[in-house]
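Quick caveat, the model's predicted, so the values are computed rather than measured. The figures that follow rest on heavy atoms only: side chains count, while hydrogens, waters and symmetry mates do not.
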Amino acid sequence: MTEVINVKILHLVLKKKWYEMQECGEKNEEYRELTEYWRKRLIDQDTLRAKPYTHVCFHYGYTQRCFINRIDSITIGRGCPEWGAPEDRDVFI
């Protein structure tokens with residue numbers, strides 16, 4: 001019997017530094033500001049929970065170079081400044 005897997009992919013465009021850190025496994029989180037744009041993309045407005053993304057496709061700028069990782073969770077909090085998170089405010093992680 002074939003198992004059907006419901007895959008929902010979030011596409012994120014990254015700059016070279018962050019893309020390469022993600023690709024080699026040095027960085028395992030990505031950050032987005034708590035703006036209306038990202039709230040609409042990441043939060044279900046009816047349930048106020050994270051949308052059910054299962055994977056993230058990281059794109060190296062606007063090139064064809066990309067790779068996919070599984071998403072463990074989408075949370076709000078303070079990230080790691082060495083990985084690009086602001087030191088003074090919460091972000092989507």
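Residue I74 holds its CD1 atom at 7.0 Å from CD1 of I43, rounded to the nearest 0.5 Å. If you take SG on C66 and CD1 on I9, they are separated by 9.5 Å, rounding to the nearest 0.5 Å. Rounded to the nearest 0.5 angstrom, F58 CZ and F67 CZ are separated by 5.5 Å. If you take CD on E23 and NZ on K16, they are separated by 11.5 Å, rounding to the nearest 0.5 Å. To the nearest 0.5 Å, atom CG of residue L10 and atom CG of residue L42 are 6.0 Å apart.
With a 4.5 Å cut-off on side-chain heavy atoms, E20 and E26 do not count as touching. Looking at heavy atoms from C-beta onward, P86 lies in side-chain contact with V91 at the 4.5 angstrom threshold.
V7 and L12 fall into different hydrophobic clusters, defined by Ile, Leu, Val, Met, Phe, Trp and Tyr side-chain heavy atoms under 4.5 Å apart, directly or through other members.
With sequence neighbours excluded, the residues forming a side-chain contact (heavy atoms from CB on, under 4.5 Å) with E36 are R39, K40, listed by chain and number. With sequence neighbours excluded, the residues forming a side-chain contact (heavy atoms from CB on, under 4.5 Å) with D90 are L34, I76, R78, listed by chain and number.
With respect to R89 and E33, a salt bridge is recorded, a charged nitrogen being found less than 4.0 Å from a carboxylate O. R32 and E30 are joined by a salt bridge, as a carboxylate oxygen and a charged side-chain nitrogen come within less than 4.0 angstrom of each other.
Sequence neighbours left out, the pairs with a member in residues 42-62 that pass side chain to side chain donor-acceptor pair (under 3.5 Å) are H11-H59.
A 6.0 Å sphere centred on NZ of K8 holds more than 12 heavy atoms belonging to other residues, nucleotides or ligands.
Shortest non-hydrogen contact noted between G79 and E29 is CA-OE1, 4.4 Å.
Between the Y31 side chain and the C80 main chain, a donor and an acceptor come within less than 3.5 Å of each other. For K27 (side chain) and W83 (main-chain N/O), a donor-acceptor pair under 3.5 Å exists by modelled atom type.
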